[in-house]
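Right, one structure below, let's go through it.
So you know, we letter chains A, B, ... as the sequences are listed, proteins then strands, and number each from 1. Since we're looking at a predicted model, the values are computed, not measured.
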Number of protein chains: 2
Amino acid sequence: MAAVDLATHPGHLARRLQQAHWLLWNTMVSEEITSPQFAVLNALVAQPGLDQRTVGERVGLDRSTIAEVITRLSRRGLLDKVRDPQDGRRSLLRPTEEGTRVHRKLTVRTARMNQVFLAPLSAEEQGLFFDLVQRVADAAEGLRNPAEPAAR
Amino acid sequence: MAAVDLATHPGHLARRLQQAHWLLWNTMVSEEITSPQFAVLNALVAQPGLDQRTVGERVGLDRSTIAEVITRLSRRGLLDKVRDPQDGRRSLLRPTEEGTRVHRKLTVRTARMNQVFLAPLSAEEQGLFFDLVQRVADAAEGLRNPAEPAAR
DNA sequence: TCGAATTAGTCAGGGCACTGAGTATTTCGG
DNA sequence: CCGAAATACTCAGTGCCCTGACTAATTCGA
């Protein structure tokens with residue numbers, strides 16, 4: 001009676017979108033390495049020697065989650081983790097050779113997957129898709145840090 | 001060197017979108033009841049007496065996940081779960097009074113939250129957002145069931 | 001009618017995501 | 001120089017999400 005239509009709820013849609021992506025990733029890219037794992041690997045290939053916190057920030061994972069992801073990647077031998085001799089709090093990360101190789105392989109597959117994923121949209125629509133989703137996500141993330149204290 | 005820009009990856013964007021939504025839900029709707037839990041409650045308010053599988057289908061959760069969500073809702077006393085006397089395989093679900101009350105309360109808050117979430121977009125853009133995201137999600141979900149065997 | 005599918009649900013296992021509390025290390029102010 | 005604050009990370013706890021293997025119940029066909 002008083003129920004709403006979930007199709008009008010952007011959050012529900014967001015969840016479905018991610019599930020859909022997960023499915024496609026799993027079948028077209030890899031069953032071993034997940035999308036967040038690839039994101040971490042990608043960040044380290046771009047800039048080896050980053051510490052955990054920074055990588056997490058770059059790919060959008062909190063301190064706990066990034067720790068888990070790194071543990072798994074390290075267990076698979078795709079990255080090395082060493083204590084920073086300059087600052088004993090940090091762990092410095094860099095991809096292994098195997099990690100670099102895997103990253104290269106998945107990059108190709110990921111590109112193909114993205115095409116399939118966005119295939120239902122025209123080129124202009126794809127641009128729009130990125131723009132709209134990014135603006136919504138950015139705005140909501142912005143609400144987290146209540147925007148620099150106005151005064152001073 | 002060979003790293004890609006994650007901003008061009010729809011999957012990464014989808015993940016960020018969902019995280020953003022989760023954050024907003026948590027602060028504006030409820031810290032107790034999650035968005036998937038609300039979706040299940042909503043389906044049962046619309047149609048009490050559904051079985052687990054059907055509810056899962058309606059809200060987009062697989063058999064295992066729907067079972068967990070229902071356990072939690074039931075533990076909180078928001079729904080009743082009874083064996084179908086007509087078909088001993090099924091569990092029939094219906095919201096309790098408390099469940100209905102909670103659903104009503106959250107419906108109001110959810111509407112407010114959705115407005116804030118989509119605030120960065122104009123009215124037309126919001127329509128577009130729904131259309132684009134829905135089409136991408138639908139298409140990917142469609143790939144799961146390889147579309148009715150062409151020749152019978 | 002009786003045995004082979006089919007169907008609903010459970011269970012174990014792996015992974016993502018967040019919070020709050022706790023530990024170790026560094027930095028900074030007095 | 002030394003203690004308080006900040007910083008990086010770990011750990012425990014909760015919840016979502018999926019697969020594959022299993023159990024119980026029903027249905028369907030020979």
Atom pairs and distances, side-chain donor-acceptor, residues 28-39 of chain B, under 3.5 Å, sequence neighbours left out:
unit_1	atom_1	unit_2	atom_2	d
B/Ser30	OG	B/Glu32	N	2.9
B/Ser30	OG	B/Ile33	N	2.9
B/Thr34	OG1	B/Gln37	N	3.3

Under 4.0 Å between a Lys/Arg side-chain N and an Asp/Glu carboxylate O for B/Arg90 and B/Asp87?
yes
Please work out if [X] contacts a base, only the sugar-phosphate, or nothing of the nucleic acid, heavy-atom cut-off 4.0 Å.
X	result
A/Arg76	sugar-phosphate
B/Thr65	base
B/Arg90	sugar-phosphate
B/Gln19	sugar-phosphate
B/Arg16	nothing

Nearest-Å distance for atom pair [atom1]/[atom2], residues [X] and [N]:
X	N	atom1	atom2	answer
B/Ile33	D/dG15	CD1	C1'	12 Å
B/Gln18	C/dC18	CD	P	10 Å
B/Trp25	C/dC18	CH2	P	17 Å
A/Glu68	C/dG14	CD	P	13 Å
A/Ile70	D/dC9	CD1	C1'	10 Å
A/His21	C/dG15	NE2	C1'	15 Å

Could you check which residues of residues 48-62 of chain A get a heavy atom under 4.0 Å from DNA chain D? Sort them by number, please.
A/Asp51, A/Gln52, A/Arg53
For residues B/Ala7 and A/Gln134, report the shortest heavy-atom separation together with the two atoms involved.
CB-NE2, 3.8 Å
For the base of C/dG9, is there a side-chain donor-acceptor partner from B/Arg83 under 3.5 Å away?
no
Do B/Ser64 side-chain and C/dT10 base share a donor-acceptor contact under 3.5 Å?
no
Taking only side-chain nitrogens and oxygens of [X], does any of them come within less than 4.0 Å of OP1 or OP2 of [N]?
X	N	result
A/Arg15	D/dC17	yes
A/Lys81	D/dA8	no
B/Gln37	D/dG15	no
A/Arg89	D/dT10	no
B/Arg75	D/dT14	no

Rounding to 0.5 Å, atoms CG (B/Leu78) and CG (B/Leu93) come to a distance of 12.5 Å
Step by step, would you call A/Thr54 with A/Asp51 a side chain to side chain donor-acceptor pair (under 3.5 Å)?
CA-CA 6 Å; A/Thr54 307; A/Asp51 66 308; 2.5 Å; yes
Which pairs of donor and acceptor atoms, one on a side chain in residues 111-123 of chain B, lie under 3.5 Å apart (sequence neighbours left out)?
unit_1	atom_1	unit_2	atom_2	d
B/Asn114	ND2	B/Thr110	O	3.4
B/Ser122	OG	B/Glu125	N	3.2
B/Ser122	OG	B/Glu125	OE1	3.4

